[in-house]
Amino acid sequence: MFIDLLIMLVMAYGFGFLYYGLYRNISARVHGRFGPSLAQSFYDSIKLFTKDTSTDFGWMFFAGPIIMASGAILTVLFIPYFNHGERLVGLSPYGNLIVVLYFMVLGPLGNALGVGSHGNPFGAMGITRGLTRLLGLEMPFYIAVVGLMIANESADIGTIMANQAETYNIIAHPLLFIAAFISFLGFLGKSPFDVVGAPQEVYSGPAVEFGGKFLALALSQSAIFSFAKLLLMVDLFLGGADSLWDLILKTFVLFVASVFVGNVYGRFTTAQSVDFLLKVPTVIAIVGLLFV
Amino acid sequence: MFNFEITALGNMFFGLTVLVFVSLFFVPNKHRSVTLYSLLFASLACIFYASDLITLFIGWEIMGWSSYFLIAKTADKQTLQKYIVFNIGGAFTLLGAIILIYGACGSFVYSELDFSAVPSGQVTAITILLLLTLFVKSGIMPFHYWVVDSYSQSNDLFSAVLSAIISKTGVFAFILIFFQIITVQYLQTPILEVVAWLGVLTSIIATFKAINEDEAKRLLAYSSIAQVGYIVTILSIMGSLSLEAALYHTVIHTFVKLLLFINVAAIIYVSKQHRFSTLGGLLYKYPLNFILLVVGIISLAGMPPLGGFSSKFLIYTALLEEHKGLLLAAVLFSSASAFLYCYKLVYGIYLGQPTNPKTEAYPRIPLRFYVPQILGAVILITLGTIPGVIVPMFNGILGSVGFEPVLYRGVFVLGSDFASFNGGVVIGAFGLIFVLILLFFVRLKNRSVKPKDRLDISYCGEVPRADVNLHYGYGMGRELSRIGLIKMILSRSSHALWQRVSTLFGDLSGITQKLYTLSAQNMGLVIFAFFTILLYMGVK
Amino acid sequence: MQKGFVAYNNEQKSLEAETEGIKNSQTLIQKAMNWFSARSMFVVAYGTGCGAIEMPPVFTSRYDIERLGVVGVATPRQADIMIVSGYCSLKTLRRVIRTYEQMSEPKYVIALGSCTINGGMYWDSYNTIKKLEEYIGVDMYVAGCMPRPEALIEGFVKLQESIRNNTIQPGYVKYREDYAYYQANQEKLLGKETQPVYEEDYAGMNLS
Amino acid sequence: MSLVYFIAIPILASFLTPFYKNYLRFVSVLVNILLAGFAAFFYSRLPLNEFISLDSPLSIIFILDYVSFFFVSLFIGVMLFFSLYSIKEKNNTAVFVVTNIFTSGALGLILSADIFNIYIFFEIASISAYILTGLNRDKVAYSGAIKYMIVGAVASIFLLLGIMLMYLNLGYLTLSSIGAGFHTMDKGIQYLVLLSLFIGFGIKTEILPLNFWVADIYQATPTKIAALFSAVLSKAYLFVFFHILYTLKVDAPALLFLTAIGLLSFAVAELSALRSKDVKRIFAYSTLGQLGVLFLALSSANVVVVSGALFLILVHSISKLMLFFSLDLVEKKMHSTRVEAFAGFRSAFLFTIFAIGFLSLLGIPPFAGFIAKLTILKGFASMGAYGIVGAILAISLVEATYFFRLLSANQRSKKTAEIKVPLLQKIMLSLLALAILYLGLFPQGLLDFCTDAAQTLIQGVIHV
Amino acid sequence: MLETLNQTTFLHTVVAIGSFTIFTIGLVGVLSKKNLFKIFLSLSIVESSLFLFFIGSHFEVGKAAPIVADGIKLFDGHMVDPVPQAMILTTIVIGVAVLALSLTFVVNYYRLSGNIDIDKMDELGEVQ
């Protein structure tokens with residue numbers, strides 16, 4: 001059981017950073033430059049982990065990133081990797097989709113508590129933007145998920161995957177997929193909704209006081225978190241992965257789609273992004289919900 | 001006239017009351033009014049254990065006016081007036097309903113009331129009157145006008161009692177009368193559909209009002225309205241799982257509000273400040289208080305490791321089972337944004353930079369404040385780890401009210417076959433992972449350096465002056481009003497409605513009052529005019 | 001005035017320093033860590049002087065330093081490298097010192113232009129400092145009255161090499177060990193309060 | 001041991017005042033204790049008729065049945081309380097001269113069973129009321145008394161008209177024979193008689209269109225006397241009116257009209273109390289309102305409702321006594337009965353007394369008012385009149401608004417004066433409060449007595 | 001012709017019309033006059049009109065007044081019905097007593113407030 005969990009964790013960490021390196025490379029190419037090597041994120045994280053000193057603002061600041069990381073790791077562990085369910089299932093038999101959705105909110109809470117404790121006003125501004133944006137993001141995603149749960153008469157990810165044996169949910173419930181995909185972009189922090197950590201505006205937002213090992217932990221948990229979300233989208237809408245290769249293919253396709261969308265758009269302000277999220281994708285999701 | 005009967009439903013609510021009152025007994029309180037508190041306690045016991053409608057009503061009224069006198073020590077005149085008029089109005093609608101039931105079934109005792117022969121028009125009238133009582137007591141939207149002021153202006157101890165117990169009497173009455181007395185088959189469902197939507201709208205508007213609030217106790221008052229709004233919504237679904245979800249959420253909400261109100265009371269007791277804009281930066285001065293508040297807001301927002309999640313989970317599964325997609329979407333909207341005001345509560349008081357530099361001058365929090373908080377925290381944590389522990393109790397209630405019990409699969413698992421989760425694994429995994437990362441972090445040779453002083457933060461190379469107020473994070477949530485949909489929600493206010501009603505009555509009384517200042521001669525004129533009118537009517 | 005250090009720091013000596021490395025005593029892990037920290041550099045996006053205009057083409061697609069793993073970050077906490085680009089007035093020096101102290105170790109400074117080496121064309125100006133290394137530990141100089149982006153990239157590559165095989169003693173170690181010396185210089189110039197203050201008393205400043 | 005003593009003894013006591021001028025206080029207490037003794041004596045022999053014939057055609061008939069015993073004992077109790085309460089006041093003995101006449105007038109109204117006797121005691125009670133109104137001997141009191149006398153004279157004119165028309169057409173004066181013969185008269189005369197009786201008594205029982213003078217009178221009289229007015233006087237007229245009405249066996253539409261009038265007067269009285277600035281006037285409006293409810297309940301001719309009404313009469317008298325006497329204490333200290341003065345006094349005891357009084361008037365559970373209201377509502381529910389139930393509840397909500405505004409005003413405003421309540425007053429007032437609480441918790445005994453009284457009231461006078 | 005005038009019914013109609021006119025005169029006096037004395041005076045006029053009507057309508061031509069005086073002990077057939085006489089006697093007494101009392105009040109009121117006009121009595125009522 002624990003080996004499974006460990007493998008899942010390592011895969012998430014590896015794929016997460018690999019995809020992040022890929023993202024930097026693709027956006028570099030879009031900018032017309034070569035961009036760093038694929039493994040650049042690994043180098044950054046190891047460098048940060050092995051820094052000599054990092055400023056620590058007290059025990060809450062110390063605990064904040066740890067809660068954030070454990071939130072991300074728990075999200076990953078509760079999502080089964082494969083749809084035939086005997087290997088790499090993680091803790092999903094003990095939890096269900098609603099538990100996973102709420103774990104996705106636990107991470108930002110830990111981060112918010114940690115950032116709040118050092119009292120840097122830029123941190124507070126970043127957190128406020130993050131939470132308000134989260135409000136906008138959650139609505140379409142939750143409604144889409146509710147639609148799926150009602151359609152499949154169960155909240156267990158395994159059964160949802162099993163029901164997609166012949167037609168994927170992306171075809172069965174297209175509207176729900178569109179709404180979920182738009183808010184999925186926001187969850188990954190891609191460009192139209194990346195107002196939270198904007199370096200120029202809010203001095204890199206929540207991460208303003210994260211140095212050394214704290215920044216390292218923040219980066220690695222965001223990698224694991226983005227892989228978890230990728231995985232969730234695959235499980236819910238693309239019928240889960242049959243084999244490892246199928247898993248990599250599906251997550252990669254989804255990731256590339258989100259990257260290309262990300263690179264095209266300018267940045268929404270917080271109010272604009274929540275306004276957009278509460279209008280367009282939520283309405284699509286509600287209409288989809290009616291057709292379930 | 002007083003006859004009582006021990007029921008499972010009564011036991012649960014009375015148990016909650018005993019726990020709240022015993023734990024609040026320790027909190028230091030300026031207005032030591034033991035008589036009124038014992039009167040309130042007796043009236044609550046009378047409500048929960050009544051076996052006929054008259055005893056229920058007597059308890060209801062005594063609760064109403066004894067809490068009026070408890071609030072009267074600190075609240076200002078308008079709040080008192082709003083409180084008593086709404087509560088007495090609620091009680092009189094209850095009395096009207098009881099009289100209607102008496103007219104229909106000829107008796108007051110619960111066991112003798114059977115609604116088979118009663119015409120449906122009368123049952124609808126009874127239902128509407130009772131719903132009015134419930135709306136006033138739990139503060140559903142148009143009738144919540146009195147809730148926020150009374151909660152925030154009563155003294156800190158009593159606002160905890162108000163929000164933890166007294167707002168639940170409405171829920172108790174709903175379950176008792178609609179489930180046990182009138183029973184489901186005679187109730188018309190369209191009314192309850194409207195009630196469900198009213199409950200959800202209340203919680204949405206209350207949540208966004210709470211986000212906009214700058215005072216701690218008013219924020220908690222709005223959050224109580226929102227949470228009780230959930231309970232009302234779930235109750236009106238009328239299923240066995242939804243009843244269990246409502247009961248579960250009642251238990252959770254009682255202890256969450258007990259914990260939060262007393263926590264805020266401790267801070268107010270120590271710092272004499274009510275508003276977030278004057279608090280802040282108390283994290284390292286009162287660490288235990290901070291941790292307890294974090295436990296409180298995690299369960300208030302319904303986050304996984306703690307108890308709040310189990311009740312939210314039950315509410316979602318109940319709604320999912322009944323295929324109420326749109327309703328669930330609305331509930332999700334308000335519970336997602338509930339997270340914002342939870343964080344605002346923590347940030348406003350504890351995190352960020354202190355607004356007045358002399359926070360060191362604040363005294364130590366007396367230990368007695370921690371008794372109710374620790375009780376609340378312990379219960380919330382246990383309900384987080386073993387959520388199924390109180391399911392047998394609820395099944396007892398469901399049985400006594402005529403529903404078939406919910407699936408009970410041991411202490412750790414909670415939920416129905418639609419969806420269930422294992423509380424132990426969730427909190428165990430969270431704890432284990434937290435410890436693992438902590439060990440990894442400590443083992444790193446990365447030396448952590450303490451910042452020189454409070455103002456040693458990276459601030460574009462500058463040093464913020466000591467008098468610069470860095471705590472402007474307290475105003476979070478104000479940017480929400482720039483968002484179209486939320487601005488529309490926030491603009492709703494029932495103040496104008498009730499103001500028009502009171503001016504209408506005022507002008508009416510102005511007119512009638514002039515009548516009573518007639519001179520003797522005009523009085524004679526009126527008498528003879530009245531005589532001739534009646535004479536004319538008689539002759540015709 | 002501490003005799004030894006000033007003598008050490010004349011131009012010729014530093015040019016030959018490349019070949020004579022400090023005895024290599026690190027273990028394998030230390031070597032690997034140095035290799036990684038060389039591969040990924042975070043620069044404080046902080047332009048002090050006229051050289052700041054050279055940095056945008058370096059960081060963006062024209063010369064693209066990101067291929068070497070160098071990224072600009074907003075706050076000193078996250079950064080490893082600080083670029084002091086060009087003349088550094090007394091007021092800027094206060095900010096430079098505060099940012100330098102807020103960075104977490106190992107931290108390096110790249111000084112652009114001749115103004116940081118010997119005062120450059122402001123050699124006799126009353127409000128700029130002449131030698132940057134008297135006030136903070138500097139690692140890499142890039143000469144030129146505003147060196148071109150290629151020179152700046154050359155400076156980065158040289159710095160990465162020296163980190164990788166640890167040829168010269170890093171500035172932050174010197175700063176930490178001879179902190180008294182640096183602090184004396186700073187206080188001589190900026191008065192008791194070296195951190196940025198808002199009530200500037202120009203009278204107290206003596207400009208040697 | 002005849003019923004005449006009830007009337008003779010108080011009048012005698014007041015006329016013999018010159019002999020015991022400054023001991024009148026103790027004498028009037030003795031007189032009331034004596035009357036109470038008589039009432040206890042007669043309790044065992046209840047339905048009792050007494051026929052006193054002065055000369056062959058002229059005779060006086062007294063009836064003491066359950067309902068009149070109820071009122072007699074109520075009035076004697078109130079007067080006993082009044083005299084005991086002000087036993088310490090040495091200076092105004094004049095009050096007791098007039099209150100003794102007032103007692104005999106009220107008792108006479110209750111006991112007498114022939115129409116002309118009722119008119120005589122009607123006048124006696126009114127005259128003593130006029131004098132009591134003018135007791136303060138200042139400009140306000142005299143103007144109140146003048147207004148009262150004009151309206152009172154108009155009332156007696158109408159009553160006289162009614163009695164004459166009846167005697168003209170029927171020829172006899174005793175109530176029972178009038179009751180029997182009333183329906184033999186032709187319709188027009190019957191309507192005219194009923195109308196004039198209604199107007200005559202309506203003015204005195206303060207019913208809607210005829211009660212616009214009442215608030216001023218309450219404002220003019222000394223507060224203690226206002227307590228007597230609201231506890232005794234208006235109740236006596238109310239009883240006599242319905243006593244005659246039920247003897248004349250009035251038909252249903254008339255009763256329905258009276259119910260409507262009662263409801264209207266309850267509503268208008270409560271509404272006008274909302275904006276009033278003078279506490280005494282607020283209590284007056286509340287009395288008018290409660291009389292409206294009593295009118296509404298008594299005219300429903302349903303035993304349960306009427307018994308509730310009788311219970312409410314008792315409870316209302318006790319609470320109004322309590323409220324007015326404590327208001328009197330407040331007025332003595334604050335020298336004004338305006339709401340600001342009422343808000344300014346500080347006395348925990350008086351505040352609790354006011355609170356108990358208000359709560360029982362509103363019909364809020366632990367106190368007796370609730371039982372009365374509950375029985376009335378139960379009666380109306382069994383009759384199926386849900387409209388009236390709803391109206392009563394709504395209007396008492398208005399009543400709750402202004403009562404609690406007074407309470408919160410006192411609770412939350414700056415205190416200007418401390419009131420020390422003397423021991424005697426404190427004992428008496430808490431006695432009343434305990435009575436209300438006791439009646440609220442164990443009402444069964446009194447409720448049964450009220451049901452028998454209601455039974456006899458609805459039958460009207462039948463034999464003799 | 002004079003015979004017809006001597007019948008009881010004619011007597012009753014004359015009495016009725018007469019008392020009704022006096023009643024209206026008194027009524028107009030009460031409702032329109034401003035002076036307090038005049039109001040109370042017209043009130044007693046109204047009362048006296050009622051007495052007149054009551055006594056008049058019980059009187060029969062050819063019967064004697066029911067006065068028990070020297071020699072006559074019992075009310076026998078040829079006397080008018082004594083009961084209304086007795087009632088009106090007491091009512092007159094009461095009327096006089098009430099009038100006296102009201103006039104004393106009016107005098108005292110005038111002495112204290114110097115105003116006799118009913119419309120200027122503004123002591124009572126809601127003090128705004």
Side-chain angles (χ1 to χ4, degrees), chain A residues 17 20-21 23-57 61 115 118 120-123 125-126 197-219, chain C residues 26-47 56-81 98-108 149 153 156 160 163-164 170 172-173 175-176:
Chain A
F17 270 134
Y20 188 63
Y23 165 71
R24 282 172 70 172
N25 235 313
I26 293 173
S27 45
R29 292 299 155 129
V30 165
H31 298 164
R33 51 187 174 84
F34 286 105
S37 75
L38 282 182
Q40 185 56 36
S41 315
F42 285 107
Y43 302 146
D44 293 348
S45 114
I46 290 166
K47 178 211 75 176
L48 284 170
F49 269 123
T50 55
K51 272 192 93 73
D52 291 351
T53 65
S54 52
T55 44
D56 172 6
F57 287 81
F61 180 77
V115 163
H118 59 57
N120 187 327
F122 291 114
M125 274 198 278
Q200 299 79 357
E201 290 158 33
V202 266
Y203 215 32
S204 81
V208 70
E209 292 293 342
F210 281 169
K213 56 189 177 198
F214 304 112
L215 186 59
L217 194 62
L219 288 181
Chain C
Q26 290 90 9
T27 59
L28 191 63
I29 308 145
Q30 190 65 28
K31 234 195 232 314
M33 277 194 291
N34 278 349
W35 187 79
F36 276 112
S37 61
R39 288 286 305 164
S40 118
M41 294 277 202
F42 288 172
V43 177
V44 178
Y46 187 54
V58 167
F59 286 101
T60 49
S61 45
R62 183 68 182 81
Y63 288 92
D64 188 18
I65 202 161
E66 204 182 347
R67 2 186 207 96
L68 304 173
V70 176
V71 179
V73 284
T75 57
R77 298 273 188 239
Q78 303 166 357
D80 310 325
I81 297 175
R98 181 171 176 79
T99 318
Y100 185 67
E101 273 160 12
Q102 278 182 346
M103 285 160 71
S104 50
E105 295 187 356
K107 52 192 177 185
Y108 308 94
I153 292 172
F156 267 105
Q160 281 178 348
I163 292 169
R164 198 171 300 117
Y172 72 89
V173 175
Y175 191 77
R176 195 174 43 202

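Heavy atoms only: backbone and side chains are in, while hydrogens, waters and symmetry mates are out.
Remark: A:F49 CZ to C:S37 OG distance equals 15.5 Å, nearest 0.5 Å. In this structure, A:T53 OG1 and C:M103 CE are separated by 10.0 Å, a value rounded to the nearest 0.5 Å.
Around the CZ atom of C:R176, the shell of radius 6.0 Å holds more than 12 heavy atoms that belong to other residues, nucleotides or ligands. Around atom OH of A:Y20, no more than 12 heavy atoms belonging to other residues, nucleotides or ligands sit under 6.0 Å away.
The ring pair (Phe, Tyr, Trp, His ring centres under 6.0 Å) search around C:F36 returns A:Y43, not counting sequence neighbours. When the ring pair (Phe, Tyr, Trp, His ring centres under 6.0 Å) test is applied to C:F42, no partner is found at least two apart in sequence or on another chain.
In terms of heavy-atom proximity, C:R77 sits nearest to A:F210 at CB-O, 4.2 Å. Among all heavy-atom pairs drawn from C:S40 and A:K47, the shortest one is O-CD, 2.9 Å.
Among the candidates A:S54, A:S37, A:G35, A:G32, the residue making the largest number of heavy-atom pairs closer than 4.5 Å to chain C is A:G35. Ranked by heavy-atom pairs shorter than 4.5 Å toward chain A, the options C:D80, C:T60, C:V71, C:L68 are led by C:D80.
For C:A79, the part lying near chain A is the backbone, with the side chain staying farther off; criterion is any non-hydrogen pair under 4.5 Å. When heavy atoms are compared at a cutoff of 4.5 Å, C:V70 does not approach chain A at all. When heavy atoms are compared at a cutoff of 4.5 Å, A:T50 approaches chain C by way of both its backbone and its side chain.
Here the side chains of C:R67 and A:R33 are not in contact, with every heavy-atom distance at 4.5 Å or above. Within the 4.5 Å cutoff, no side-chain heavy atoms of A:E209 are placed close to those of C:T75. With a 4.5 Å cut-off on side-chain heavy atoms, C:M33 and A:I46 do not count as touching.
Distance alone, capped at 3.5 Å, is enough to place a donor-acceptor pair between the C:D64 side chain and the A:F34 backbone.
Between A:K51 and C:E105 no salt bridge is recorded (no basic side-chain N to carboxylate O distance below 4.0 Å).
For the pairing with C:Q78, the side chain to side chain contact (heavy atoms under 4.5 Å, CB included) check across A:L215, A:V208, A:L48 returns one residue only, A:L215.
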Check step by step if side chain to side chain contact (heavy atoms under 4.5 Å, CB included) holds for A:Q40 and C:E66. CA-CA 10 Å; A:Q40 185 56 36; C:E66 204 182 347; over 6 Å; no
